[in-house]
Amino acid sequence: MDINRLTRLSEFAWRIEPVNGMRVPVIIYADEALISEMDEKVAEQAANVTKLPGIIGACYAMPDAHWGYGFPIGGVAAFDALQGGVVSAGGVGFDISCGVRTLYTGLKREQIEPLKTVLADALYATVPVGVGSRGKIRLSPTEMDEMLTGGAEWAVKQGYGRPEDLERIEERGRMAGARPEAVSSHAKERQRAEMGTLGSGNHYLEIQEVSEIYDPAIAAAFGLAQGDVVVTIHCGSRGLGHQIGTDFLKRMQGAAAQYGIALPDRELACAPIESPVGQEYLGAMRAAINCALANRQIITHLTRKVFAEILPEARLDLLYDVSHNTCKVEEHLVQGRKKLVYVHRKGATRAFGPGHPDLPMVFRETGQPVLIGGSMGTASYILAGTADSETLSFASACHGAGRAMSRHQAVRTWSGREVVDQLAARGIIVRSPSWRGVAEEAPGAYKDVHDVVIAADRAGLARLVAQVKPIVCIKG
DNA sequence: ATGTCC
């Protein structure tokens with residue numbers, strides 16, 4: 001990105017002034033190196049978003065932003081329904097409610113080390129992974145609707161997990177306002193056999209070690225110490241969310257024309273929040289959020305079953321579960337006054353700070369855990385929400401390492417086998433059904449997530465708490 | 001991300 005076009009606000013914040021039909025500015029959080037590497041299309045796409053009706057404040061780009069379908073990935077935009085604000089399927093993304101959950105094992109690295117191959121094989125045999133992977137669960141139409149309304153709460157009632165898990169899940173495990181009847185039968189059919197499956201791409205299940213502590217006080221409050229072993233699950237709403245995205249992108253193209261919304265890019269298809277299509281999308285998207293929460297809950301249950309057989313002393317209590325692809329109605333300060341706005345976070349993690357009333361008591365003083373998944377074989381990070389993020393970014397932070405290289409280029413550069421061998425030489429065990437998938441996800445194909453979280457911390461979006469490094473990686 | 005193109 002050409003930094004000469006930007007106004008520098010601070011060492012970690014940049015601004016594009018509103019010109020040529022932009023209703024509000026664009027604010028990008030990054031250091032000079034990250035913003036120089038950032039694709040020009042991030043600025044272009046974020047500027048396009050600011051031209052949509054009812055946008056509030058600014059369109060924000062996180063330090064890991066890269067170009068996406070319509071909206072940049074790593075983009076945040078909030079809209080006011082009372083000012084003709086819109087909701088956009090491209091502003092949420094195809095993998096609705098993709099997110100990360102981390103579990104404590106209560107074990108140290110030394111206890112895992114002799115059993116890591118056994119654990120890797122058992123997890124790989126138990127958790128279905130890969131494109132089109134199917135689980136053992138088959139949902140009837142009635143059960144599907146109950147799952148889409150109940151989320152992780154439904155999953156726990158079915159025996160997949162513990163009631164105490166729910167408090168440590170965004171929305172306490174159940175997104176209100178879901179409308180299963182707004183989800184196409186095609187989307188439901190695609191999901192029928194996909195509950196409890198990991199999917200592909202950058203999704204993973206990892207056994208990780210806490211390798212660095214940056215904020216001892218918050219780490220202690222989160223129950224994390226150097227050498228602790230945790231399990232992290234990164235996945236989303238599988239075929240259902242993808243189909244909802246596809247269905248509504250098409251319907252929103254019609255709606256935008258019908259309501260006379262001038263689209264700077266046809267990929268920014270959207271509908272007024274208060275229109276029938278807008279309301280149906282919100283209902284369907286919330287159903288997909290519940291699908292993702294239930295999915296991560298079932299994978300948690302499968303993970304616990306594996307540990308119960310191999311390392312029964314492992315606790316596998318939940319630290320937290322948070323999404324990075326959603327549109328949520330939230331109260332935010334707008335020009336000094338509290339207001340309900342529709343916050344799109346696409347590749348941006350919700351990051352509520354200390355005292356936020358939606359957080360469980362256990363995180364009221366620290367702010368919520370902000371879970372940032374790294375690329376395969378590299379580190380992931382645990383941050384904490386800050387009080388500042390409210391005014392900086394509608395309480396949002398980054399979500400992970402963006403790609404530095406296309407999938408095609410990665411496959412030409414590495415073979416899956418050599419990537420697995422190189423990671424094995426570093427003590428990291430990878431299990432995947434796809435050599436090609438592993439090559440596409442090679443660590444070298446991604447930007448360094450460390451630079452991203454440092455920038456997020458310095459910009460004030462979230463506070464860096466701990467680094468975790470993989471021991472075992474189950475990869476789609 | 002995705003029954004990696006209806």
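When reading the values below, keep in mind they use all heavy atoms of this one structure, side chains included, and skip hydrogens, waters and symmetry mates. In this text, all values refer to a predicted model and were calculated from it rather than measured experimentally. Residue numbers begin at 1 in each chain, while the letters A, B, ... track the order of the sequences.
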Select base, sugar-phosphate, or nothing to describe what [X] touches, counting heavy atoms under 4.0 Å on all strands.
X	result
A/Gly245	nothing
A/His186	base
A/Glu440	nothing

With the threshold set at 4.0 Å, does a side-chain nitrogen-carboxylate oxygen contact exist between [X] and [Y]?
X	Y	result
A/Lys188	A/Glu143	no
A/Arg431	A/Asp121	yes
A/Arg403	A/Asp39	no

Name the orientation class of the two ring planes belonging to A/Tyr204 and A/His234 (parallel below 30°, tilted from 30 to 60°, perpendicular beyond 60°).
perpendicular

Working to the nearest 0.5 Å, report the span between [atom1] of [X] and [atom2] of [Y].
X	Y	atom1	atom2	value
A/Leu383	A/Ser389	CG	OG	11.0 Å
A/Glu194	A/Leu139	CD	CG	11.0 Å
A/Leu103	A/Arg296	CG	CZ	11.5 Å

Atom-pair distance ([atom1] on [X]; [atom2] on [N]), nearest Å:
X	N	atom1	atom2	result
A/Arg436	B/dT4	CZ	C1'	9 Å
A/Tyr69	B/dT4	OH	C1'	16 Å
A/Asn295	B/dT2	CG	C1'	14 Å
A/His408	B/dT4	NE2	P	18 Å
A/Arg403	B/dT4	CZ	C1'	13 Å

Between residues 282-293 of chain A and DNA chain B, which residues have a heavy-atom gap below 4.0 Å?
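Those residues: none at all.
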
Where along residues 235-242 of chain A does a heavy atom come under 4.0 Å from DNA chain B, residue by residue in number order?
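The answer is A/Arg238, A/Gly239, A/His242.
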
Are A/Ser200 and B/dT2 close enough that a side-chain N or O sits under 4.0 Å from OP1 or OP2?
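For B/dT2, OP1 or OP2 has a side-chain N or O of A/Ser200 closer than 4.0 Å.
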
Determine whether A/Trp14 and A/Ile27 make a side-chain contact, defined as any pair of heavy atoms from C-beta on separated by less than 4.5 Å.
no

Tell me the closest heavy-atom pair linking A/Thr105 and A/Phe307, and the distance in Å.
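Distance-wise, the nearest heavy atoms are CG2-CE2, 4.5 Å.
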
